[in-house]
Protein chains: 2
Amino acid sequence: MKIKVFVVDDHYMVIEGIRSLLQNENDIEWMGHATNAVSCLAFLKQQLPDIILMDVNLPDVSGIELCKQVRQLYPSVFVLGLSTFNQQPIIRNMLENGASGYVLKNATKEELLEAAKAVMAGKSYLSFDVALSLRKTDDELPIITRREKEILLLIADGLTNAEMAAKLFISIPTVNTHRKSLLNKFNVNNTASLIKLAAKHHLI
Amino acid sequence: MKIKVFVVDDHYMVIEGIRSLLQNENDIEWMGHATNAVSCLAFLKQQLPDIILMDVNLPDVSGIELCKQVRQLYPSVFVLGLSTFNQQPIIRNMLENGASGYVLKNATKEELLEAAKAVMAGKSYLSFDVALSLRKTDDELPIITRREKEILLLIADGLTNAEMAAKLFISIPTVNTHRKSLLNKFNVNNTASLIKLAAKHHLI
DNA sequence: AATAAAATCATCTTTTTTAATGATTGATGC
DNA sequence: GCATCAATCATTAAAAAAGATGATTTTATT
């Protein structure tokens with residue numbers, strides 16, 4: 001029984017690369033590809049693969065959203081996240097939305113096959129670097145509350161405390177409190193460092 | 001006379017994709033690949049391709065640096081930049097360091113061939129989106145001076161004006177002046193917006 | 001050599017942020 | 001029901017950034 005694989009990625013080179021890597025594998029059946037979320041969903045109405053290799057950066061809908069939809073509509077289809085960068089929040093998000101694993105684009109053929117087989121066996125698979133960085137992140141990225149995140153985004157948009165207070169219907173001292181706890185949690189001394197860190201972790 | 005092509009990219013999928021796309025082309029001779037700058041330079045000591053397809057994000061040295069070195073050591077070898085994202089400052093930098101063009105990783109086989117031929121004919125080639133965004137950038141990304149850039153980096157590192165002044169052996173008002181002209185040039189009102197914008201454009 | 005651009009410094013004012021402390025209310029989880 | 005945490009607000013003060021203007025000295029560029 002071959003593993004039916006489908007790829008969603010907006011880069012032809014990557015699609016072609018995966019196809020080329022897997023084409024002579026006896027265990028793999030290539031079902032085709034899509035370059036965006038819409039055509040991926042259209043394809044799934046016709047046929048169901050066993051595994052979708054899914055890039056997280058798609059031109060229309062984000063891979064995270066697509067992953068969520070696919071898993072809801074077709075629970076039998078496993079999703080393997082795929083991307084160039086080792087971005088913890090995104091990877092975390094993919095996994096929370098039903099992805100069975102995550103491989104980076106520098107994966108070898110062997111790693112791809114290993115991942116596919118692990119997923120088909122009901123296990124999950126993470127590239128070594130991904131697993132490593134996910135573990136590290138737990139310690140490094142502070143846990144911030146809903147409200148703090150909201151404030152963070154507004155700070156990044158350049159609002160002053162007064163503007164945020166008006167926008168959120170709360171008092172200026174309250175905004176200030178959240179702001180201070182952000183600085184505390186991220187262990188920085190001023191807005192500049194805060195925004196830089198947040199940008200680095202793709203929070204804004 | 002076939003065009004001899006060599007690829008430098010740290011993603012196997014991309015290398016394999018390009019190889020697969022070009023392998024049946026009569027005009028193209030595949031010379032091999034490297035996954036980092038060091039092995040690329042090692043290869044060039046043995047043989048010289050006509051064109052190097054070069055990713056800008058390499059694990060050891062940046063593509064920009066590698067491009068510069070290759071062009072200095074082997075002026076007959078053309079470099080075509082290659083990357084996932086349409087990052088204006090990086091692209092600009094590659095071109096300034098001798099690259100003959102730039103293609104995105106969602107390029108089709110046709111586009112790759114067109115780019116290769118253009119480069120061999122002494123022309124330069126830019127993906128449509130790249131050309132578009134480079135033109136747009138001229139208006140959108142302000143030109144900042146050396147000193148301003150220096151200040152920008154220090155602000156992002158969380159230094160206060162006083163700390164920067166001490167570090168750069170200049171007065172606090174001077175730091176302030178640079179800081180204000182940064183806000184002016186980026187057309188923002190405060191540090192938060194400035195850092196966010198700078199991060200977006202990969203300046204910090 | 002002349003012009004323009006960059007880097008430097010000064011003064012003064014206003015706005016904003018950061019800091020330090022304390023306190024109340026409501027929700028969540030055990 | 002009790003403990004914990006999130007979210008709210010208050011007061012006061014110091015530090016920092018932002019805004020407005022003007023001026024001098026290097027450094028590039030033509």
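So you know, we letter chains A, B, ... as the sequences are listed, proteins then strands, and number each from 1. In what follows, every heavy atom counts, from backbone to side chain, and hydrogens, waters and symmetry copies are set aside.
A donor-acceptor pair is defined here as one N or O able to donate and one able to accept, closer than 3.5 Å; no such pair exists between the side chain of A/D9 and the backbone of A/I15. Looking at A/K196, its side chain never comes within 3.5 Å of a backbone N or O of B/A199 through a donor-acceptor pair. With A/K149 contributing its side chain and A/I144 its backbone, the two residues share no donor-acceptor pair below 3.5 Å. In terms of modelled atom types and a separation under 3.5 Å, the side chain of B/D157 and the main chain of B/L159 share no donor-acceptor contact.
Residue contacts for A/T145: at a heavy-atom cut-off of 4.0 Å it reaches the sugar-phosphate backbone alone, with no base atom in range.
Separating the CD1 atom of A/I144 from the P atom of D/dC5 is a distance of 17 Å, rounded to the nearest angstrom. Atom pair B/L154:CG and D/dA17:C1' shows a separation of 16 Å (rounding to whole Å applied). Taking atom CZ of B/R147 as the reference point, atom P of D/dT27 lies 12 Å away to the nearest angstrom. Straight-line distance from the CZ atom of B/F186 to the P atom of D/dA18: 14 Å, rounded to whole Å. As a whole-Å value, the separation of A/L182 CG from D/dA7 C1' is 13 Å. One can place CG of B/L194 at 12 Å from C1' of D/dA18, the figure rounded to the nearest angstrom. For the pair A/I172 CD1 and D/dT11 C1', the interatomic distance rounds to 14 Å; values are reported in whole Å. Protein atom NZ of A/K149 is 16 Å distant from nucleotide atom P of D/dA6, rounded to whole Å.
Just one of B/L82, B/L44, B/L66 meets the side-chain contact (heavy atoms from CB on, under 4.5 Å) condition when paired with B/I52; it is B/L44.
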When you compare the protein's N or O atoms with those of nucleotides 28-30 of chain D, which come within less than 3.5 Å of each other, and at what distance?
none

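For A/H178, a side-chain nitrogen or oxygen approaches OP1 or OP2 of D/dT8 to under 4.0 Å. A sub-4.0 Å separation between OP1 or OP2 of D/dT8 and a side-chain N or O of A/T174 is absent.
Pairs of residues two or more places apart, or lying in two chains, that qualify as side-chain hydrogen bond (donor to acceptor under 3.5 Å, both in side chains) and include a residue from residues 46-70 of chain A are A/E65-A/Q69.
Ionic pairing of B/E16 and A/K109 is not present here: no N-O contact between side-chain nitrogen and carboxylate oxygen is shorter than 4.0 angstrom.
Distance check, rounded to the nearest 0.5 Å: SG of B/C40 to CZ of B/F6 gives 5.0 Å.
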statement: A correct 5'-to-3' footprint of nucleotides 12-30 of chain C, with B, S and - meaning base, sugar-phosphate only and no protein heavy atom under 4.0 Å, is ----SSBBBB---------
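Of all non-hydrogen atoms in A/G158 and B/N190, the two that sit nearest each other are O-ND2, 2.7 Å.
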